[in-house]
Protein chains: 2
Amino acid sequence: MTRPRGRPPQGQGMARDDILTAALALLDEGEGQGLTMRALATRLGVTPMSLYHHVGDHAALLQALSERVYAQVLEGIDDLADAKARIRALLTRYHQAVSRHPQLTMAIFDTPEAYAGITCQITQRLTSLLAQITPEPTLWCDILVDHAHGSSLALASARGDPAQLRALQHRQQQALDVLLSQFPKG
Amino acid sequence: MTRPRGRPPQGQGMARDDILTAALALLDEGEGQGLTMRALATRLGVTPMSLYHHVGDHAALLQALSERVYAQVLEGIDDLADAKARIRALLTRYHQAVSRHPQLTMAIFDTPEAYAGITCQITQRLTSLLAQITPEPTLWCDILVDHAHGSSLALASARGDPAQLRALQHRQQQALDVLLSQFPKG
DNA sequence: ACCTGAACACCGTTCAAGT
DNA sequence: ACCTGAACACCGTTCAAGT
């Protein structure tokens, strides 16, 4: 089930992208701590140490995963007309990203290295957008981001129950609408 | 450092309460996963298996911890005058409990058994209080509880930096005020 | 460069044995 | 009843060795 010992022939080595895909699948399927270096290695038909050449250690793996998942959140935001539309799009995408991979939020939050990278960009962008529509941009950034994270925890603990999961997603969309309706030109 | 083998003399056995106190201390001090059965046993001068007689397994330990920490949240709520004051007190206490032990939130959320017990009581009570002041009680319960959990994650990742921690706590108090000001008779 | 096997220092938990 | 030591099946990670 594992590979021969030496350097693999040209183009036969593992692709970093395939590792991340498998890791994400493992995270989504698994109860609690499904994503371990050893389980990931087994799934890829490889020795655990082999992973360290491609993704670094466990923290680096989670950081790479979070970058992949949250990359789309900020993309194309500037094409939208006004600040409020941009804010709504950014938060909607953030919620979507988070609700597609509920376990990722948990995993990221007990891996400070992984946490720092992503959310910094998102919160900075969000804060500067909020500054255009409210005198309290950092306060509202906290409220909105904390809400996203909290609701992602709720999704994580509703794993395995698709009906409850959809109900939660619907309520969270409503919650986002309510929060955003605080601002003028709603 | 460990104890003699047989049953300890009368009154010399470990007290369940002391175990929980030590566990909470370990959780608060530690980076990430500081609270392990083995570390807890070492701190108490005892073999890991000894703990299983008093607190059960790791999930049961976390459940006991959450019950101890969140027990005060609902206490004496009924002494307050109106629904809005009760809601504010309940949420303030919940935030306080959560911010005193930031790592506990994380630990609880990847231990479904521990999660179920506590928050059910709190959300039920909160929902019924909210029903008295808004036509959308479950929606607002989600918003407020998710916010509490999300901000607790923020606190957990600000561990070790007391200045940042106090700043966060202050902003979270403001955030709670803003959210509650949505309702009439503010 | 990229993979392996062996090893180290951890986990939670079970089980049988001691008093 | 309450504690122990030994053991099992896991972790992440390092290191030296192979090609």
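Owing to the predicted nature of the structure, the values given are computational and were not obtained by experimental measurement. Values reported hereafter were calculated over all heavy atoms of this structure, with side chains retained and with hydrogens, waters and symmetry mates removed.
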Worksheet item: Is it the case that more than 12 heavy atoms not belonging to B:Gln72 sit under 6.0 Å from its CD atom?
Response: no
Worksheet item: When the distance from NE2 of A:His54 to P of C:dA1 is rounded to whole Å, what number comes out?
Response: 12 Å
Practice prompt. Under a 3.5 Å limit for both distances, which nucleotide forms a Watson-Crick or G-U wobble pair with D:dC3, could you say?
Written response: none
Worksheet item: For the pair made of CZ in B:Arg3 and C1' in D:dC2, what is the distance, rounded to whole Å?
Response: 10 Å
Discussion item. Which nucleotide, if any, forms a Watson-Crick or G-U wobble pair with C:dC11, using both distances under 3.5 Å?
Written reply: none
Discussion item. So which atom in A:Arg16 and which in A:Ala64 form the shortest heavy-atom distance, rounded to 0.1 Å?
Written reply: NH2-CB, 3.5 Å
Response to the item:
Taken to the nearest whole Å, CG/A:Leu40 to P/D:dC10 is 17 Å
Response to the item:
Taken to the nearest whole Å, CG/B:Asp110 to P/D:dC11 is 16 Å
Fill in: Donor + acceptor pair across side chains of A:Arg171, A:Ser151 (<3.5 Å)
no
Worksheet, complete the sentence: Scoring nucleotides 13-19 of chain D by protein non-hydrogen atoms under 4.0 Å (B base, S sugar-phosphate only, - none) yields BBB-BBB
Worksheet item: Could you state the CG-C1' distance from B:Leu51 to C:dG12, rounded to the nearest angstrom?
Response: 11 Å
Worksheet entry | Mate of C:dA17 where both pairing distances stay under 3.5 Å, Watson-Crick or G-U | none
Practice prompt. Measure from CZ on A:Arg16 to P on C:dC3 and round the result to the nearest Å.
Written response: 14 Å
Discussion item. Can you pull out every ring pair (Phe, Tyr, Trp, His ring centres under 6.0 Å) where at least one residue sits in residues 3-54 of chain A? Sequence neighbours excluded, please.
Written reply: none
Discussion item. Please pick, from C:dG5, D:dC2, D:dG12, the nucleotide with the shortest atom-to-atom distance to any side-chain atom of A:Thr36.
Written reply: D:dG12
Fill in: Exceeds 12 heavy-atom contacts within 6.0 angstrom, atom CD of A:Glu29
yes
Discussion item. Just the rounded figure in Å: distance from P of D:dG12 to CD of B:Gln33.
Written reply: 13 Å
Item to complete: Before giving the answer on side-chain hydrogen bond (donor to acceptor under 3.5 Å, both in side chains), spell out for B:His101 and B:Tyr70 the whole-Å C-alpha distance, their side-chain angles and the decisive distance to 0.1 Å.
Response: CA-CA 11 Å; B:His101 310 285; B:Tyr70 296 125; over 6 Å; no
Fill in: Counterpart residues, ring pair (Phe, Tyr, Trp, His ring centres under 6.0 Å), relative to B:His95 (two or more places apart)
B:His147
